[in-house]
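Order of the sequence lines sets the chain letters (A, B, ...), proteins ahead of strands, with each chain counted from 1.
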Protein chains: 2
Amino acid sequence: MLKDKKNPQQCQIVVALNMIVGKWKPIILDHLLHGEPLRFNELKKLIPDITQRMLTMHLRELEEHDILTRTVYPQVPPKVEYRITEYGMTLQPMLKTMQQWGANHIEHMKEKDN
Amino acid sequence: MLKDKKNPQQCQIVVALNMIVGKWKPIILDHLLHGEPLRFNELKKLIPDITQRMLTMHLRELEEHDILTRTVYPQVPPKVEYRITEYGMTLQPMLKTMQQWGANHIEHMKEKDN
DNA sequence: CGGAATCCTGAAAGATACTG
DNA sequence: CAGTATCTTTCAGGATTCCG
């Protein structure tokens with residue numbers, strides 16, 4: 001196994017990190033984790049500022065990592081659905097912990113300002 | 001509060017993420033979290049491939065975020081010690097969760113290869 | 001010893017136009 | 001509708017030199 005430039009010491013934290021880094025990945029995961037499967041354009045509407053290019057790229061990476069599945073319905077116009085996998089669901093506790101720490105940190109920063 | 005370009009939807013996960021992203025930050029945190037305070041060069045030795053520049057930058061950012069303190073001992077040659085703060089310790093559970101998920105993911109990938 | 005100051009590079013992300 | 005294909009911009013990180 002080669003050394004990853006982003007993970008020079010094979011840190012397990014970084015392994016986890018690499019699944020969710022990407023400017024819009026946490027938001028995408030957030031939407032897919034506690035909800036129905038979503039179509040490409042539904043995600044696009046939920047994340048207005050993302051470009052189609054980035055949405056595509058992030059979704060493909062998440063798919064590659066078994067976090068979500070991409071289902072193409074052969075119809076015209078095309079319909080593509082993205083659905084969190086069972087394995088992807090295992091990210092839930094981690095993301096929850098991060099979310100809580102983040103919320104707490106926002107409070108922490110407010111206190112500092114006073 | 002302005003929108004952060006890296007966090008366009010003010011996602012709390014991203015707030016947490018921003019504390020630990022940076023090529024060497026998880027490793028730095030790892031060393032400081034379960035150990036004694038460390039001097040600049042001690043950290044440098046523990047993380048051989050990091051450049052002085054990046055070590056300095058990461059440490060300063062972590063200091064700014066109240067994760068660690070920087071103590072300068074006025075002596076020649078200078079001695080500077082970095083110590084995790086109490087607040088920094090609150091990162092522990094989050095990092096632990098990530099570490100566990102990372103370890104599990106490494107196993108997951110092995111299974112996929114078979 | 002613990003940096004700061006420059007300069008440089010590659011990868012991530014944005015902008016825009018086109019397509020089955 | 002759900003993407004590709006190009007081109008351009010940005011910026012984290014690396015390399016190197018100098019300093020109190």
Checklist outcome for this item: In whole angstroms, the gap separating C1' of dA2(D) from CG of Leu59(A) amounts to 11 Å
Checklist entry - Are Phe40(B) and Val72(B) connected in a single hydrophobic cluster, I mean Ile/Leu/Val/Met/Phe/Trp/Tyr linked by side-chain heavy atoms less than 4.5 Å apart? => result yes
Checklist entry - Can Lys110(B) and Ile106(B) be said to form a side-chain contact (heavy atoms from CB on, under 4.5 Å), step by step? => result CA-CA 6 Å; Lys110(B) 283 185 191 163; Ile106(B) 291 169; 4.2 Å; yes
Next on the checklist: Distance under 4.0 Å to a non-hydrogen atom of chain A counts as contact; along DNA chain C, which nucleotides mark the start and end?
Outcome noted: dA13(C) to dG20(C)
Checklist entry - Which pairs, with at least one residue in residues 88-99 of chain B and sequence neighbours excluded, count as a side chain to side chain donor-acceptor pair (under 3.5 Å)? => result Trp101(A)-Thr90(B)
Checklist outcome for this item: Sorted by chain and number, sequence neighbours left out, side chain to side chain donor-acceptor pair (under 3.5 Å) with Arg83(B) holds for Glu81(B)
Side chains of residues 14-31 of chain A: which donor-acceptor pairs under 3.5 Å do they make with residues two or more places apart or in other chains?
residue	atom	partner	partner atom	Å
Asn18(A)	ND2	Val14(A)	O	3.4
Lys23(A)	NZ	Lys5(B)	O	3.2
Lys25(A)	NZ	Val21(A)	O	3.4
Lys25(A)	NZ	Glu61(A)	OE1	2.7

Checklist entry - Where do Leu32(A) and Leu62(A) land on the side-chain contact (heavy atoms from CB on, under 4.5 Å) test, with the steps shown first? => result CA-CA 11 Å; Leu32(A) 285 173; Leu62(A) 291 167; 5.9 Å; no
Item to check | Same apolar cluster: Ile13(B) and Met109(A), side chain cutoff 4.5 Å | outcome: no
Next on the checklist: For a quick test of reading the model, state the closest non-hydrogen atom pair linking Leu38(A) to Glu42(A) and the distance between them.
Outcome noted: CA-OE1, 3.4 Å
Next on the checklist: Within the 4.5 Å heavy-atom criterion, are Arg39(A) and Pro78(A) side-chain neighbours or not?
Outcome noted: no
Next on the checklist: Can you give me the bend angle of the helix from dC1(C)-dG20(D) to dG20(C)-dC1(D)? Use the axis through the first five pairs and the one through the last five, nearest 10 degrees.
Outcome noted: 50°
Item to check | Partner residues of Arg53(A) under the side chain to side chain donor-acceptor pair (under 3.5 Å) criterion, sequence neighbours left out | outcome: none
Item to check | Full working for side-chain contact (heavy atoms from CB on, under 4.5 Å) between Leu43(B) and Leu59(B) | outcome: CA-CA 10 Å; Leu43(B) 280 164; Leu59(B) 289 170; 4.0 Å; yes
Next on the checklist: Just verifying a value: how many Å separate Glu86(A) CD and Ile67(A) CD1, rounded to the nearest 0.5 Å?
Outcome noted: 12.5 Å
Item to check | Selection: residues 63-71 of chain A, any non-hydrogen atom under 4.0 Å of DNA chain D | outcome: Arg70(A)
Checklist entry - What pairs meet the salt bridge (charged side-chain N to carboxylate O under 4.0 Å, His left out) rule with one or both residues in residues 8-20 of chain B, with sequence neighbours excluded? => result none
Checklist outcome for this item: Within residues 73-80 of chain B, those residues having any heavy atom closer than 4.0 Å to DNA chain C are Pro77(B), Pro78(B), Lys79(B), Val80(B)
Checklist entry - Under the side chain to side chain donor-acceptor pair (under 3.5 Å) test, which residues partner Asp66(A), sequence neighbours left out? => result His108(B)
Checklist outcome for this item: Gln12(B) and Ala103(A) have their tightest heavy-atom pair at NE2-CB, 3.6 Å
Checklist outcome for this item: The reported gap from NE2 in His58(B) to CD1 in Ile47(B) (rounded to nearest 0.5 angstrom) is 9.5 Å
Next on the checklist: Let's see if you get this right: which residues in residues 30-41 of chain B place a heavy atom under 4.0 Å from DNA chain C?
Outcome noted: Arg39(B), Phe40(B), Asn41(B)
Checklist entry - Once you round it to whole Å, what is the distance between P of dA2(D) and CD of Glu42(A)? => result 8 Å
Checklist entry - When you check every protein heavy atom under 4.0 Å of nucleotides 8-15 of chain D, what one-letter string (B, S, -) results, 5' to 3'? => result ----SBBB
Checklist entry - Parallel, tilted or perpendicular: which describes the rings of His65(A) and His105(B), with under 30° parallel and over 60° perpendicular? => result perpendicular
Item to check | Leu55(A) side chain near Gln52(A) side chain, heavy-atom distance below 4.5 Å | outcome: no
Checklist entry - What is the distance from CZ of Arg60(A) to C1' of dA5(D), rounded to the nearest Å? => result 14 Å
